[in-house]
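Naming convention: chains lettered A, B, ... in sequence-line order (proteins, then strands); numbering from 1 in each chain.
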Amino acid sequence: MSFSITTWNINSVRLRMPIVEQFLVRYKPDILCLQETKCPNGEFPMKPLKALGYEHVIIHGQKGYHGVAIASKIPLTEDHRRDYCGIGDARHISAIVQVGSRRIRLHNFYVPAGGDEPDRSINPKFGHKLDFIEEMKALRADGVPGTSSILVGDLNIAPLENDVWSHKQLLKIVSHTPVETEGMLDIMKKGNWLDLMRLNVPATEKIYTWWSYRAKDWEAADRGRRLDHIWSSQDLGPSLDRIEILREARGWNRPSDHVPVTAHFRF
DNA sequence: ATGGTGGTGTGACCA
């Protein structure tokens with residue numbers, strides 16, 4: 001059987017519903033994970049998602065900032081939300097999905113962006129990002145026997161040299177500083193996570209999922225970063241069919257600055 | 001060279 005899951009930082013789900021619907025009609029993933037919904041729970045657009053067959057929707061929102069959601073064609077059970085750093089931000093939601101004989105714990109994250117200055121002594125937002133990363137190191141992909149794991153989201157870190165348009169020019173730019181990239185690699189190592197977007201793509205090849213709004217011509221400049229990620233427990237690696245990065249969505253009407261990334265599995 | 005654009009929700013904040 002096939003199974004597909006998409007992660008997409010939508011930067012306001014209410015404003016972006018036309019392109020969310022366009023994406024779901026065309027690409028039909030089994031599960032859509034959203035970040036930066038910027039939507040209080042009572043105002044989340046449930047009806048259009050359910051009308052498209054995404055009958056199982058779990059949300060964790062707040063007014064104005066952050067917010068994550070999972071919309072699924074298949075049942076979501078045992079959902080929970082963890083308050084990373086204990087400051088009440090809506091940045092994580094998790095549930096179990098049963099795919100054929102496999103039981104999978106799914107995590108959807110929106111990691112703090114971290115502000116502009118990569119120094120926690122003068123920029124508390126960077127300190128918060130580093131604390132969030134530390135807390136993520138306790139999350140294991142293989143922690144529960146008989147349960148596989150998938151972790152997706154906007155992790156706001158581009159870990160490898162070719163996850164940014166210029167490694168050298170971004171070394172002091174938040175999202176690609178050594179303390180962040182090494183922190184992310186440590187989360188993956190400690191938790192035994194597999195980077196599915198790099199599984200079949202050599203480290204020499206550029207991968208981007210985000211292009212700034214501030215460029216005059218994002219496509220011509222092509223100064224992207226890989227900020228969005230799909231990880232899994234080691235056991236799911238052999239079942240990955242392909243990863244699809246929908247670069248064209250950056251050119252859709254009123255786009256998010258992030259594009260959808262989909263993992264297709266064959267179990 | 002230190003801006004540039006976009007979203008929330010109406011004044012700064014955040015990305």
Flag the pair [X] and [Y] as a salt bridge only when some basic side-chain nitrogen lies within less than 4.0 angstrom of an acidic carboxylate oxygen.
{"X": "A:Arg198", "Y": "A:Glu205", "result": "no"}
{"X": "A:Arg14", "Y": "A:Glu43", "result": "yes"}
{"X": "A:Asp195", "Y": "A:Arg226", "result": "yes"}
{"X": "A:Arg91", "Y": "A:Asp83", "result": "no"}

Spacing of [X] atom [atom1] relative to [N] atom [atom2], expressed in whole Å:
{"X": "A:Ile19", "N": "B:dG6", "atom1": "CD1", "atom2": "P", "answer": "13 Å"}
{"X": "A:Lys38", "N": "B:dG6", "atom1": "NZ", "atom2": "P", "answer": "13 Å"}
{"X": "A:Asp154", "N": "B:dC14", "atom1": "CG", "atom2": "P", "answer": "17 Å"}
{"X": "A:Lys125", "N": "B:dA12", "atom1": "NZ", "atom2": "C1'", "answer": "11 Å"}

First encountered from the 5' end of DNA chain B, between A:Gly64 and A:Asn9: A:Gly64
Candidate nucleotides B:dT5, B:dA15, B:dC14, ranked by approach to the side chain of A:Tyr213 - the nearest: B:dT5
Give me the distance, rounded to whole Å, that separates [N] from [M] when you measure between the [atom1] atoms they each carry.
{"N": "B:dG9", "M": "B:dT5", "atom1": "P", "answer": "22 Å"}
{"N": "B:dT10", "M": "B:dC14", "atom1": "C1'", "answer": "15 Å"}
{"N": "B:dG4", "M": "B:dA15", "atom1": "C1'", "answer": "13 Å"}

Sugar-phosphate, base or nothing in reach of A:Arg16, heavy atoms under 4.0 Å: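 The answer is sugar-phosphate, as A:Arg16 gets under 4.0 Å only of primed atoms, P, OP1 or OP2.
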Touch class at under 4.0 angstrom, heavy-atom based, for A:Lys216 against every strand present: nothing
Under 3.5 Å on both distances, the Watson-Crick or G-U partner of B:dC14: B:dG6
Any A:Arg14 side-chain N or O less than 4.0 Å from OP1/OP2 of B:dT8: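 Checking B:dT8 against A:Arg14, no side-chain N or O comes under 4.0 Å of OP1 or OP2.
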Distance test, side-chain N/O of A:Lys63 to OP1/OP2 of B:dT8, below 4.0 Å: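 No.
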